[in-house]
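For reference, the structure is listed below as structure tokens.
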Amino acid sequence: MKQEDIEHIINEIQAGNELQREQLIQYYQPYILSVVGKVCNKFKTWNDDEASIALIAFNRAIDTYDPQKGRTFLNYVYLIIHRELIDFFRKENHYQSLMKKGDKLLEANHVKKSVKQYHQEQRISNMAAEIIDLNDQLSQFYIRFEELEAHSPKQKRTRKKVLDIAEEFIQRETLVEQLFSRKQFPVKEFLTVANYRVKTIEKYRKYIIAIIIILLHPEWENLHAFLRNKVRGEKK
Amino acid sequence: MKQKIKGVVMEVQEHQIVLMCDDGTFCNVPHDQHDIPAIGEYVTYRVKKSPLLLGNRKQVLPLVALAAILLFAIMSVSLFQPQQPAYLLAVDINPSMEISLDEDLHVIDITGLNEDANLVMKGLDVKGKDIEKVINEIVVRLKNDKYLSADTPAIITATWIELQDHSISNDSRSVEEIFNHSLGENHVEAEMEVYVENEHYYKKAKEVDLSVNSYRMYQEMSNGEEEVDIKDVQNKSLKELRQIAEKEAEKASESKNSERAKSSPSPDKEEASKNKKEETENSSSKHNSSISVPKKGQTKQPKKEKNGEGNKQNDEQAPSKEEKHNSDKERNNEKSAPKKSNPPSNDQNKEKKMEKPPSNEKPEKKPDNQEQSDPKPPMNAEEKAADKGKQEEKSTEKVPKDQGKGNDSNKRED
């Protein structure tokens, strides 16, 4: 989801599109939870109070987000959730124990704010946006991130081969169309045009799909950097 | 082995986070319970990885293969190594052989110690067989080669040697039973002597290059009066040794007897040698048994005579050590001693009784007794003849077992 898309959606929501709000919340759920974990320094599930508070904070962030203030949406969301949670801890007297780290965080955010840090934050939130997008795309194929480790090629040579497969695949638009319409990798069709072993494709199928999706979204600069990294590593 | 994983956090879960590593692959990493990153952060994790599964497989696989091969090699070497013998059974008939056995009494190997044994065992396949079968087979072969037969009982000497610290209970006994069984089956006769010794004894025998049983004979012989040269023993079979031992005993008794008057020497000699053997055997062995053979062979006969007489003499005759004292006493007060032992008989009989022992025991006594007892033996023979009937009665009274034997001995002496 591009920045403009988000702004557009948020404008719609602020105008009263409740369905869009619902979808946006659904879309950012993993991110909310990860921020809760980050602030609490402990993993939280949706059953925890902190998660509910974060969700309410996120809802408010949608309402109050103003792109003119120069923050990305995710950065803003993070700030709001963090503030709300600190308030909650103060109320619950958890604050003392958690404040030590929180202090630093506040300091970092407000006092020592530098251009460099600002850029880093921006990059992180951009990255998060890309990852959330990717996650959303992969969920259409019923692929979860945790599965991808098992399907990742471990050897440099296979990694290169898999990348080659993905690059060759996106050349053929019909195949890409088939992939997205069927939500299945068109192994047979692909093999008729390309000379690869079925076994290789079957083994790394999920990973190949993930790579294809990344390659098909050139706007995900950060994620692309990783793939390019990989190719560079090959050349060394 | 710790491995650094750098990557972007893709997803945060309860126990792990999913990273997208620098090379574009995905990693699931267990996260620190108190430091949870947010999605999109770039983090570095140090992860303990088991080198076997997740390390570089290119390097690990050959290592694993090598280890497996080595393991296999070691196993196979230990498998094909010869078994450690647990027991050793040294058997001397005339062929003398050593049978090594494992703990379950299966034969590992047989070594023949002389040419006779090698001949007998030619083509004998024994490996892994039960001791019972092997002994039976050996007995059959011995019978075929005429070492054992029905009418001339041989003497089988077997020594059971424990090579390891096994508590042996009735193994040696069972060896005897096995031999007896197979002897009976093949209708041959033999006298059986079974000894139990430990490894130390076996090594000592090996040091002087003798079979265990020969070594025992050698020890017995050298226990006697005369020194035996070990070299004489080394090349002789047990049978020959036995003969030598008997000869020596004979010689000894002869030399003593020759000093004396010529009183019925021949049975005495036989008895003496037999006596000696018996005694030495008794002293050295834990169990010593003789098979009761249905037909009375020659070897049996003298024994019985001796037994008969020995029993008669029993009253005065204590174990050989005390004999000297006894005979001295008798000499000193001839009349008092007999009265103690057998009141009902008359004086003459008593005298004869008392005086008879010295002649039999001569070979083992020291020379100083000889002069004292010398004059008496001739008298004995006459008196015996005269009082045969009475003696018979007496012997039955005293020792009911020896009824018949008493007769035998008397007749012979006549």
Side-chain angles (χ1 to χ4, degrees), chain A residues 28 30-45 74 78 101 120-121 123-132 134-135 138 144-156 158-159 162-163 206-207 210-211 214 222-234, chain B residues 1-69 71:
Chain A
Y28 280 112
Y31 183 73
I32 295 164
L33 205 60
S34 104
V35 171
V36 172
K38 168 89 181 165
V39 174
C40 300
N41 284 325
K42 206 182 170 200
F43 184 80
K44 298 284 177 189
T45 62
L74 282 185
Y78 181 88
K101 280 204 169 178
Q120 198 177 344
E121 272 179 26
R123 213 180 64 225
I124 289 174
S125 53
N126 284 343
M127 185 65 133
E130 286 170 21
I131 290 166
I132 290 159
L134 176 64
N135 190 21
L138 283 176
R144 282 168 294 135
F145 281 135
E146 61 190 281
E147 291 175 321
L148 285 173
E149 188 196 27
H151 294 277
S152 291
K154 269 94 190 174
Q155 265 187 318
K156 270 189 182 174
T158 21
R159 277 204 295 266
V162 168
L163 200 68
K206 286 184 181 177
Y207 183 73
I211 299 247
I214 293 171
N222 296 297
L223 286 176
H224 265 272
F226 276 92
L227 292 184
R228 278 202 301 276
N229 232 357
K230 180 179 164 182
V231 179
R232 233 188 6 245
E234 285 310 301
Chain B
M1 192 176 112
K2 278 198 169 182
Q3 197 187 349
K4 243 185 194 177
I5 294 180
K6 288 179 189 173
V8 174
V9 180
M10 304 293 277
E11 198 184 2
V12 181
Q13 291 174 334
E14 192 163 358
H15 298 296
Q16 65 183 11
I17 55 175
V18 183
L19 292 182
M20 190 182 191
C21 305
D22 284 344
D23 56 7
T25 57
F26 293 84
C27 278
N28 296 350
V29 180
H31 61 68
D32 188 358
Q33 214 40 250
H34 299 290
D35 184 22
I36 292 190
I39 286 175
E41 270 183 72
Y42 188 81
V43 291
T44 306
Y45 273 90
R46 285 177 172 280
V47 181
K48 269 187 198 172
K49 296 224 165 183
S50 79
L52 266 185
L53 292 173
L54 299 165
N56 193 343
R57 286 190 189 184
K58 250 187 187 172
Q59 290 170 2
V60 167
L61 209 70
L63 277 178
V64 172
L66 198 73
I69 289 167
L71 199 74

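Reckoned from all heavy atoms, side chains included, excluding hydrogens, waters and symmetry mates. Below, read A as the first sequence line, B as the second, and so on, with proteins coming before strands; counting in each chain starts at 1.
Only the side chain of A/L134 comes within less than 4.5 Å of a heavy atom of chain B; its backbone N, CA, C and O stay farther away. At a 4.5 Å heavy-atom cutoff, the contact between A/I214 and chain B is made by side-chain atoms alone.
Annotation: side chain of B/T25 is in contact with side chain of A/Y207 (closest heavy-atom distance under 4.5 Å). Put simply, the side chain of B/V8 reaches to within 4.5 Å of the side chain of A/I131, judged on heavy atoms.
Smallest separation of non-hydrogen atoms from A/F43 and B/V12: CE1-O, 3.7 Å.
Atom CE of A/M127 sits about 7.5 Å away from atom CE of B/M10, to the nearest 0.5 Å. With rounding to the nearest 0.5 Å, the separation of CD1 in A/I124 from CD1 in B/I39 is 12.5 Å.
When B/V9, B/V18, B/I17, B/L19 are compared by the number of non-hydrogen pairs under 4.5 Å with chain A, B/V18 comes out ahead.
Remark: A/S152 engages no residue in a side-chain hydrogen bond (donor to acceptor under 3.5 Å, both in side chains) (not counting sequence neighbours). Listed by chain and number, the residues in a side-chain hydrogen bond (donor to acceptor under 3.5 Å, both in side chains) with A/E146 are A/R144, B/Q13 (sequence neighbours excluded).
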